[in-house]
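Below you'll find the structure, written out as structure tokens, and then a few comments.
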Amino acid sequence: MDFGSQVKKLRTSRKLTQEQLAQKLNVSRQTISGWENNRNLPDLEMVVMIAKTFQLSLDQLILGDSTMTTKLMNDSSETRKMRINLYVTIIMTLTGMGCFLLFKIIGSSLDSNGVLHEPFFLIPIGYLFLLMGLISGFNYLFKKLRKRN
């Protein structure tokens with residue numbers, strides 16, 4: 001039995017409407033409908049709330065459907081990857097801006113022999129980090145948009 005059928009069976013056996021179950025779980029009626037029609041699946045926290053609402057163990061609620069278990073594990077892994085991608089984006093961007101700031105703070109100087117001393121290498125490094133942050137950011141946004149659809 002798939003997860004949607006399981007939720008619908010549990011809901012109807014307790015004579016609850018989709019609206020009543022939605023209120024118990026603090027979600028919309030459309031969310032319940034989406035689960036029951038297998039258009040989407042709840043996240044792990046919501047699965048725990050559903051199990052508590054129907055007074056079932058997670059084993060009883062999920063393990064009967066291997067696709068649900070696999071989907072939950074994949075979603076968890078994807079969420080972790082996306083979070084890491086976001087952190088990489090932030091770190092790369094801040095490092096790039098830090099290189100430009102450091103270049104400005106250090107400045108340039110002319111020694112007694114007329115040789116100019118400046119940390120010129122910080123400029124290309126800064127641009128490289130900004131570019132990598134931009135690429136990582138677009139990757140994060142693309143995955144986020146793809147996950148919604």
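Note that these values count all heavy atoms, side chains included, but never hydrogens, waters or copies made by symmetry.
Linking ILVMFWY residues whenever their side-chain heavy atoms come closer than 4.5 Å, directly or via other members, leaves Leu86 and Leu131 in distinct clusters. Tyr140 and Ile91 fall into different hydrophobic clusters, where Ile, Leu, Val, Met, Phe, Trp and Tyr residues are linked whenever their side-chain heavy atoms come under 4.5 Å apart, directly or through other members. Grouping the Ile, Leu, Val, Met, Phe, Trp and Tyr side chains by contacts below 4.5 angstrom, directly or via other members, places Tyr127 with Val88. Ile90 and Phe138 are assigned to two separate hydrophobic clusters, defined by single-linkage of ILVMFWY side chains at heavy-atom distances under 4.5 Å. Cluster membership check: Leu130 does not share its hydrophobic cluster with Leu101, using side-chain heavy-atom separations under 4.5 Å among Ile, Leu, Val, Met, Phe, Trp and Tyr.
Note that NZ of Lys143 and NZ of Lys81 are 7.0 Å apart. Values are rounded to the nearest 0.5 Å. Rounded to the nearest 0.5 angstrom, Met82 CE and Leu141 CG are separated by 8.5 Å. Between the CD atom in Gln20 and the CZ atom in Arg29 there is a gap of 13.0 Å [rounded to 0.5 Å]. Atom CG of Leu128 sits about 9.0 Å away from atom SG of Cys99, to the nearest 0.5 Å.
Between the side chain of Ser28 and the backbone N or O of Thr31, at least one donor-acceptor pair lies under 3.5 Å. With hydrogens and angles disregarded, no donor-acceptor distance shorter than 3.5 Å links the side chain of Gln55 to the backbone of Lys52. Remark: the backbone N or O of Phe54 is paired with a side-chain donor or acceptor of Arg14 at under 3.5 angstrom.
Listed here is the closest heavy atom pair of Gly133 and Thr89: O-CG2, 3.4 Å. In this structure, Pro119 and Gly107 approach most closely via the heavy-atom pair CD-O, 3.3 Å. The shortest non-hydrogen separation linking Met92 to Met132 is SD-CE, 3.5 Å.
Two residues are said to be in side-chain contact when any heavy atoms from C-beta on lie closer than 4.5 Å; Phe129 and Met97 fail this criterion. Contact annotation: the side chain of Phe100 approaches that of Ile123 to within less than 4.5 Å [non-hydrogen atoms, C-beta and beyond]. Taking 4.5 Å as the limit, some side-chain heavy atom of Arg39 sits within range of a side-chain heavy atom of Ser33. Using a 4.5 Å heavy-atom cutoff, the side chains of Leu21 and Thr53 are in contact. The side-chain heavy atoms of Glu118 and Ile106, taken from C-beta on, include no pair separated by under 4.5 Å. Inter-residue side-chain proximity for Leu25 and Trp35 is flagged as met; some heavy-atom pair is nearer than 4.5 Å. Looking only at side-chain heavy atoms (C-beta outward), Pro42 and Ile50 come within less than 4.5 Å of each other. Counting heavy atoms from C-beta on, the side chains of Val115 and Leu110 never come closer than 4.5 Å.
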What's the verdict on side chain to side chain contact (heavy atoms under 4.5 Å, CB included) for Leu134 and Thr93, showing C-alpha distance, side-chain angles and the deciding distance?
CA-CA 7 Å; Leu134 189 64; Thr93 304; over 6 Å; no
Could you check Val48 against Glu45 for side chain to side chain contact (heavy atoms under 4.5 Å, CB included), going step by step and ending with a plain yes or no?
CA-CA 5 Å; Val48 172; Glu45 291 177 41; 5.8 Å; no
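Screening Gln18, Gln6, Lys8 for a side-chain hydrogen bond (donor to acceptor under 3.5 Å, both in side chains) with Glu36, the sole residue that qualifies is Gln18.
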